[in-house]
Each structure stands twice: as C-alpha cells, then as structure tokens.
Engineer: 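What follows is a single structure, and I will ask about it in a moment.
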Amino acid sequence: MKKTAVITGASRGIGRACAVALARCGFDVLINYRIDSQAAETTASICREYGARAFTFCADVSDEKKVREMFDFAERELGGVGALVNNAGVSSDGLFCDISRAEYERVFDVNVWGQVVCAREAARRMVREQCGKIVNISSMWGIVGASCEVVYSASKAAVIGLTKALAKELAPSGITVNCVAPGVIDTDMNACYDKATMDDLCEQTPLGRLGKAEDVAGAVAFLLGDGGDFITGEVLRVDGGFVI
Ligand code: NAP
C-alpha cells in the first residue's frame, strides 16, 4: 500500500493530530479543511517537519464535486491514495423535541454523507490498486447514545453501520475499513461545555482524564499501519473506559 493519506477536517483537533501522527509514520498527507486555510497550513507545516510531503485542500466533505476534485488532486500530487481518515464532523445538541429538518440535514450531510462520498472516492481508487485502508471516526455516543445529542448520536451510529458493511464489501479487494470511536476528547468541539459539565464527564471516565487528540491519532495510525493489516470492520473505542 502506498504510504499516502487523505485526512478530512485536519485543520485542527483530532484531524490535525491524525495528519501529524501519520506524517511521523512516514506517510505523505493531504490535509482537507473547510474554512480555516491558515490553520490547515499550520498542520501541513508540522507534517513537513517530520519529512512528509504535505498539501492542503479546501473542500466541504458533503460537496460531491469538490470531494472528487480533492481525490483527483491527491492522486496527482501524492501519487495515489493509500489511506483515508474520514474525520470531518460537526456536533449538535439540544432537546430532541426541538429538532428541525434543517438541523438533521446539517448533521447527516457532514457526518454521514460526507463520509460516504469520501469513502466512495477513495474506494474507487483503492479497488483499482487492490489495496488501501480506511478509518472512519465515529463516537462512543454512536455506540451508547447521548441524551440531548440524539441526531449526533444517530449519525455516529450510522458511521458504525457504514464501516461494517463497507468492510465486508471491500475486503475481497484487499481494503480494510475500520472505525475509531472516541470518548470525550479535549478539542474545540467541546468548547461549548462549561467547566462543571467537563468535570462531570471526566469523572465518568474510568481513566480519570479527558482524552487528547493524540490519543485518538495513535489508534488511527495503528489501524493504518502494518499492525492493522488483518483488522477490518472493527470499532475501536478510545474513550478511557467510558463505555466499558
Ligand atoms: P473540531 O475540533 O470541531 O474539528 C472539526 C474539524 O472538521 C475541523 O477541522 C473542521 O474544519 C472540519 N469540518 C467540519 N465540517 C466540515 C466539512 N463539512 N467539510 C470539511 N471539513 C469540515 O472537532 P474534533 O473534536 O477534532 O472532531 C473530529 C471528529 O471526531 C469528528 O467527526 C467528531 O464527531 C469526532 N469526535 C470528537 C469527539 C470529541 O470529544 N472531540 C468525540 C467523539 C468523536 P473547519 O474549521 O474548516 O470547519
């Protein structure tokens, strides 16, 4: 497998940590972002410090046309797409009774359709090569469900279904598809919560701390490395024991 990877939503947080972890493991990387080009460029600079070739590409993962252009660019500049980290995602909270169609679509467009489109573009290229590895980022809430995050939880449960079905379909082509389900990770995504809520979540985590983006990136790098060669359809929790 070519050591080249597309990482979506890599301008910050878990996506940035994944890009850096992969660069450290010898991957050349394409850093996808939606808004913050400067932040994406910072990710690329860090990756280059580890000797990787690193490119940035602006694309909303729910935009089919842009995503196709992004994978064409990756193929051209990186010389192929060996791995995909389907990381870009948005959160959503609020009472279930207040959910609107627009909010449902906003969340599912990015968290599910975005992963479908990126995985499809990656798979088309990987099938040609008869090898490749895909890791989809879900959430522990996709396993156990979170109160007041019903649509988000449903979208992350869909990611688990997508992973398992795609793993079966792509295995005969030598492609693995796995899923990482993070617990509470200290990134911008949780910046909306007050200290009391974060302390409470920390207390509910048996390992007694919040996760770091690097904790998730380590699991992703493992699955995309040689250690993941015979693992497919797996849901790997990185949650400090929250969901035991
Ligand atoms: P984050 O800090 O909010 O970063 C989200 C990233 O996704 C940003 O780079 C953002 O780029 C990008 N993004 C959002 N919508 C996009 C779109 N439509 N197209 C392309 N890029 C888009 O979040 P994070 O905590 O690192 O989360 C990363 C993934 O882990 C998500 O799938 C999330 O659901 C999952 N997760 C996180 C936690 C946690 O506790 N943090 C727990 C479980 C699962 P822009 O800034 O350009 O929009």
Side-chain angles (χ1 to χ4, degrees), residues 6-21 29-44 46 56-67 69-71 84-93 105-119 121 135-146 149 151-160 162-163 179-193 197-198 200-202 204-205 209-217 219-220 235-240 242-243:
V6 172
I7 305 104
T8 67
S11 56
R12 54 197 161 94
I14 293 169
R16 172 180 283 176
C18 288
V20 172
V29 291
L30 181 77
I31 290 141
N32 158 260
Y33 68 100
R34 180 181 50 167
I35 294 167
D36 196 341
S37 59
Q38 240 178 325
E41 203 38 62
T42 301
T43 306
I46 302 169
T56 61
F57 198 98
C58 178
D60 184 325
V61 291
S62 65
D63 181 336
E64 255 183 297
K65 188 167 167 287
K66 286 300 278 184
V67 168
E69 286 170 17
M70 177 168 79
F71 278 86
L84 164 67
V85 183
N86 247 334
N87 166 77
V90 291
S91 60
S92 168
D93 46 17
E105 283 179 3
R106 183 184 73 84
V107 175
F108 268 73
D109 259 9
V110 178
N111 292 4
V112 186
W113 176 237
Q115 290 208 4
V116 168
V117 173
C118 290
E121 290 306 317
V135 171
N136 299 323
I137 305 297
S138 175
S139 163
M140 68 173 174
W141 301 134
I143 303 172
V144 292
E149 291 189 56
V151 169
Y152 178 77
S153 300
S155 74
K156 291 300 184 180
V159 168
I160 293 172
L162 167 71
T163 301
C179 183
V180 168
V184 187
I185 311 298
D186 191 10
T187 67
D188 295 349
M189 190 167 270
N190 292 318
C192 54
Y193 297 115
T197 306
M198 293 310 284
D200 182 46
L201 287 166
C202 203
Q204 288 182 63
T205 303
R209 66 167 173 90
L210 299 178
K212 294 179 291 205
E214 290 73 17
D215 293 321
V216 182
V220 170
V235 181
L236 179 53
R237 291 185 295 103
V238 181
D239 63 1
F242 201 112
V243 165

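Count residues from 1 along the sequence. As the structure lists them, so they are numbered: ligands from 1, and atoms in each ligand from 1. Quick caveat: nothing in here was measured; it's all calculated off a predicted structure.
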Engineer: Looking only at distances, please establish whether an N/O atom of ligand 1 is found under 3.5 Å from an N/O atom of Pro182.
Structural biologist: no

Engineer: For atom 16 (C) of ligand 1, which of Arg34, Lys156, Met140 has the closest heavy atom?
Structural biologist: Arg34

Engineer: Measure the distances from the heavy atoms of Ala213 to every atom of ligand 1 and state whether one is below 4.0 angstrom.
Structural biologist: no

Engineer: At under 4.0 Å between heavy atoms, which part of Ser138 makes contact with ligand 1: side chain, backbone, both or neither?
Structural biologist: backbone

Engineer: Is Lys65 paired with Asp60 through a side-chain N to carboxylate O contact shorter than 4.0 Å?
Structural biologist: no

Engineer: Which bit of Ala59 is near ligand 1, meaning a heavy atom under 4.0 Å away: side chain, backbone, both or neither?
Structural biologist: backbone

Engineer: May I ask you to test the Leu162-Val112 pair for a side-chain heavy-atom distance under 4.5 Å?
Structural biologist: no

Engineer: Are any of the N or O atoms of Gly15 closer than 3.5 Å to those of ligand 1?
Structural biologist: no

Engineer: At a 4.0 Å cut-off, with the gap strictly under it, does some heavy atom of Ala181 reach an atom of ligand 1?
Structural biologist: no

Engineer: Ignoring hydrogens, just give me the one of Asp60, Asp63, Thr8 whose non-hydrogen atom is nearest atom 18 (N) of ligand 1.
Structural biologist: Asp60

Engineer: Any side-chain heavy atom of Asn86 sitting closer than 4.5 Å to one from Val135?
Structural biologist: no

Engineer: Under 4.0 Å, heavy atoms only, figure out whether ligand 1 is touched by the backbone of Asn190, its side chain, both or neither.
Structural biologist: side chain

Engineer: Determine whether the side chains of Thr8 and Asn87 contain a donor N or O and an acceptor N or O closer than 3.5 Å.
Structural biologist: no

Engineer: Enumerate the atoms of ligand 1 whose separation from the nearest heavy atom of Asp188 is less than 4.0 angstrom.
Structural biologist: 2 (O)

Engineer: Apply side-chain contact (heavy atoms from CB on, under 4.5 Å) to Thr42 and Arg16, showing your working.
Structural biologist: CA-CA 9 Å; Thr42 301; Arg16 172 180 283 176; 3.5 Å; yes

Engineer: For Asn32, counting its heavy atoms only, list the atoms of ligand 1 lying under 4.0 Å from any of them.
Structural biologist: 20 (C), 21 (N)

Engineer: Just jot down the ligand 1 atoms closer than 4.0 angstrom to any heavy atom of Val110, in number order.
Structural biologist: 15 (N), 18 (N)

Engineer: I'd like to know whether Asp215 forms a side-chain contact (heavy atoms from CB on, under 4.5 Å) with Ile185, so could you lay out the CA-CA distance, the side-chain angles of the two residues, the decisive distance to 0.1 Å, and finally the verdict.
Structural biologist: CA-CA 9 Å; Asp215 293 321; Ile185 311 298; 5.5 Å; no

Engineer: Which protein heavy atom lies closest to atom 42 (C) of ligand 1, and at what distance to 0.1 Å?
Structural biologist: Gly183 O, 3.0 Å

Engineer: For atom 13 (N) of ligand 1, grab the closest protein heavy atom and report residue, atom and distance to one decimal in Å.
Structural biologist: Ala88 CB, 4.0 Å

Engineer: Counting heavy atoms only, which of Gly89, Cys118, Gly13 is nearest atom 5 (C) of ligand 1?
Structural biologist: Gly89

Engineer: Please determine if Thr187 has a nitrogen or oxygen closer than 3.5 Å to a nitrogen or oxygen of ligand 1.
Structural biologist: yes

Engineer: Kindly indicate, with the supporting measurements, whether the criterion side-chain contact (heavy atoms from CB on, under 4.5 Å) is fulfilled by Val235 and Ile143.
Structural biologist: CA-CA 9 Å; Val235 181; Ile143 303 172; 4.1 Å; yes

Engineer: Decide yes or no for Phe242 and Val184: does some side-chain heavy atom of the first lie under 4.5 Å from some side-chain heavy atom of the second?
Structural biologist: yes

Engineer: Closest non-hydrogen protein atom to atom 9 (O) of ligand 1, residue and atom name please, with distance?
Structural biologist: Ser11 OG, 2.8 Å

Engineer: Walk me through whether Tyr152 and Trp141 qualify under side-chain contact (heavy atoms from CB on, under 4.5 Å).
Structural biologist: CA-CA 8 Å; Tyr152 178 77; Trp141 301 134; 4.1 Å; yes

Engineer: Report the nearest protein non-hydrogen atom to atom 12 (C) of ligand 1: residue, atom name, distance rounded to 0.1 Å.
Structural biologist: Gly9 CA, 3.5 Å

Engineer: Between Tyr152 and ligand 1, find which residue part has any heavy-atom pair under 4.0 Å and reply side chain, backbone, both or neither.
Structural biologist: side chain

Engineer: Taking atom types as modelled, find out whether Asn111 and Gln115 have a side-chain donor-acceptor pair closer than 3.5 angstrom.
Structural biologist: no

Engineer: I'd like to know if the side chain of Ser62 pairs up with that of Asp109 as donor and acceptor (distance under 3.5 Å, no hydrogens or angles considered).
Structural biologist: no

Engineer: Backbone or side chain, does any N or O of Val61 fall under 3.5 Å from an N or O of ligand 1?
Structural biologist: yes

Engineer: Between Ile137, Asn87, Ile14, flag the one that comes closest to atom 31 (C) of ligand 1 by a heavy atom.
Structural biologist: Asn87

Engineer: Using a 4.0 Å cut-off to any heavy atom of Asp36, which atoms of ligand 1 qualify?
Structural biologist: 47 (O)

Engineer: Compare all side-chain heavy atoms of Cys179 with those of Val159 and state whether any distance is below 4.5 angstrom.
Structural biologist: yes

Engineer: Is there a polar contact, in the sense of an N or O pair closer than 3.5 Å, between Ile35 and ligand 1?
Structural biologist: yes

Engineer: Measure the shortest side-chain to side-chain distance between Leu210 and Met198 over non-hydrogen atoms and say whether it is less than 4.5 angstrom.
Structural biologist: yes

Engineer: To the nearest 0.1 Å, how far is atom 1 (P) of ligand 1 from its closest protein heavy atom, and which atom is that?
Structural biologist: Arg12 NH1, 3.4 Å

Engineer: Any chance the side chains of Tyr193 and Asp93 put a donor and an acceptor closer than 3.5 Å?
Structural biologist: yes

